[in-house]
Amino acid sequence: MRRHLACTVLSLALGVAACGMEESGLEADQSAVLQTLGEYAPAWTDESPGADGAVTNFAAAPFATPSFAPGDSFHPPAFWGRLRRTEHPSRSRIVVIEGDTARVRLAVTFVGVLKVDTTFNGLLDPGTKPLRETANQRALFVRDTAAPRGWRLVGISPRRLQNTAPGERTVNITSVTITRNSNAPKVLTDPEAFLAPESLTSTVVGDTLTVVVQTTNTTGTDLVPPTQMFIHVRHLQPGTDAWGRFPMQRQEDGSFRARWVVRRAGVAVVAVDALDSQTLATQSGDDYRSDLWAVPVKVGP
């Protein structure tokens with residue numbers, strides 16, 4: 001038997017409460033699946049990974065600085081940051097149950113702005129660009145009578161944020177490779193692939209993580225390099241849960257690399273964030289082009 005549920009919330013202020021009221025008449029299994037997803041690891045379904053509204057100085061990035069070669073035509077801005085919620089986002093949660101398996105598809109559509117300040121005049125007076133993007137994620141459950149609500153999470157995909165209009169998806173991450181210490185690297189090439197929760201728990205405080213990202217860019221703005229790559233993490237400092245954002249280092253083969261020591265335990269995501277260089281080179285225009293993959297992790301003590 002195939003059962004289908006769609007729940008859309010148009011008000012950020014009402015959020016989960018509104019969706020809960022709409023679900024009061026739904027089948028118990030479908031409601032239990034959504035409740036389990038919300039309770040199990042909410043950080044893995046973070047709607048806006050990367051500190052919405054964060055503003056970072058390129059030159060003062062605490063863990064890395066962007067690398068530029070002679071002849072590069074891209075010049076970094078003084079500051080930039082996203083504000084995804086200038087309008088209430090729309091949310092869709094679709095649950096499909098087949099026998100003892102439940103599949104969930106989450107989507108959040110944002111209408112916001114990108115703030116970019118290209119001047120180094122000591123003042124924070126950025127220009128504004130329109131931002132329209134959608135976050136998509138999938139989850140997989142199996143029926144388990146021993147679980148508190150009768151369902152157990154067995155797979156969770158990264159959360160991908162990309163331009164809502166397909167024609168504007170000119171910047172694309174094609175692979176993310178994560179290496180823990182000197183272990184064999186894990187390569188992710190499909191942002192919709194299910195990751196088993198038990199495979200996300202092998203990292204502990206003190207481990208060194210190395211992330212390498214491959215991208216493509218067909219925007220055609222002729223800036224060199226064409227793409228800017230950043231990484232967002234929440235386990236950099238032992239005493240805070242705040243996001244940290246820093247640029248990844250461009251390698252000779254065109255990939256981007258970041259390396260750091262894990263300082264804080266907990267459930268979180270590592271978000272790799274590709275933007276077209278033109279997006280950060282000017283303070284106006286409708287040229288926001290981005291692709292972000294938020295990969296779920298669980299760090300042990």
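Throughout, numbering of the chain's residues begins at 1 and tracks the sequence. Just so we're clear, the structure is a prediction, and the values are computed from it rather than from any experiment.
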* **V154-L34 co-clustered via ILVMFWY side chain contacts under 4.5 Å** => no
* Asked: Any side-chain donor paired with an acceptor under 3.5 Å for K129 and S284?
  -> no
* Asked: Thinking salt bridges, do R160 and E192 make one under a 4.0 Å N-O criterion?
  -> no
* So, T219 and T170: side-chain donor and acceptor under 3.5 Å apart, yes or no? -> yes
* Distance-only, no hydrogens or angles: does the R264 side chain make a donor-acceptor pair with backbone N or O of P301 under 3.5 Å? -> no
* Passing candidate, side chain to side chain donor-acceptor pair (under 3.5 Å) with S277, options Q228, R289, H75 -> Q228
* Asked: Given the rule that I, L, V, M, F, W and Y join up when any side-chain heavy atoms are under 4.5 Å apart, are V213 and L195 in one cluster?
  -> yes
* Structure fact -> Nearest heavy-atom approach of P197 to Y40 is CB-OH, 3.9 Å
* Taking the six-membered ring of F230 as reference, does the NZ or CZ atom of R245 fall below 6.0 Å from its centre and within a 45° cone about the axis? -> yes
* side-chain hydrogen bond (donor to acceptor under 3.5 Å, both in side chains) with R169: which residues, sequence neighbours excluded? -> none
* Asked: Under 3.5 Å, is there a donor-acceptor pair between the side chain of D29 and the main chain of I97?
  -> no
* Asked: Between Q283 and T118, is there a donor-acceptor pair closer than 3.5 Å when you use the side chain of the first and the backbone of the second?
  -> yes
* Are F246 and I178 in one and the same hydrophobic cluster, where Ile, Leu, Val, Met, Phe, Trp and Tyr link if side-chain heavy atoms are under 4.5 Å apart? -> yes
* To do: State whether D273 and R82 are salt-bridged, where the test is any N-O pair (Lys NZ or Arg NE/NH1/NH2 against Asp/Glu carboxylate O) under 4.0 Å.
  => yes
* Asked: If we ignore angles and hydrogens, is there a donor and acceptor under 3.5 Å between the side chains of D287 and T279?
  -> no
* Specify the closest pair of heavy atoms between M248 and F256, including all atoms of both residues, with the distance to one decimal. => CE-O, 3.6 Å
* **same_hphob_cluster(I173, L209) at 4.5 Å side-chain heavy-atom cutoff** => yes
* Structure fact -> Taken to the nearest 0.5 Å, the spacing of D222 CG from S73 OG works out to 8.0 Å
* Distance-only donor-acceptor check, side chains Q251 and R257, under 3.5 Å -> no
* Structure fact -> Nearest heavy-atom contact between R143 and G99 is NH2-O, 3.2 Å
* N-O pairing of D144 and R149 below 4.0 Å -> no
* To do: Check Y288 against P130 and note the closest heavy-atom contact, atom names and distance.
  => CB-O, 3.5 Å
* **Salt bridge present between E168 and R132 (N-O < 4.0 angstrom)** => yes
* **Shortest non-hydrogen contact from R159 toward T45** => NH1-O, 2.9 Å
* Within one Ile-Leu-Val-Met-Phe-Trp-Tyr cluster: V176 and F194, side-chain cutoff 4.5 Å -> no
* Asked: Closest heavy-atom contact between S157 and P191?
  -> CB-O, 3.6 Å
* **Between T174 and Q214, a side-chain donor and acceptor under 3.5 Å** => no
* Begin from the C-alpha positions of K298 and T203 and carry the test side-chain hydrogen bond (donor to acceptor under 3.5 Å, both in side chains) through to its verdict. => CA-CA 7 Å; K298 185 174 181 181; T203 300; over 6 Å; no
* Taking atom types as modelled, is there a side-chain donor on N136 or T134 under 3.5 Å from an acceptor on the other? -> no
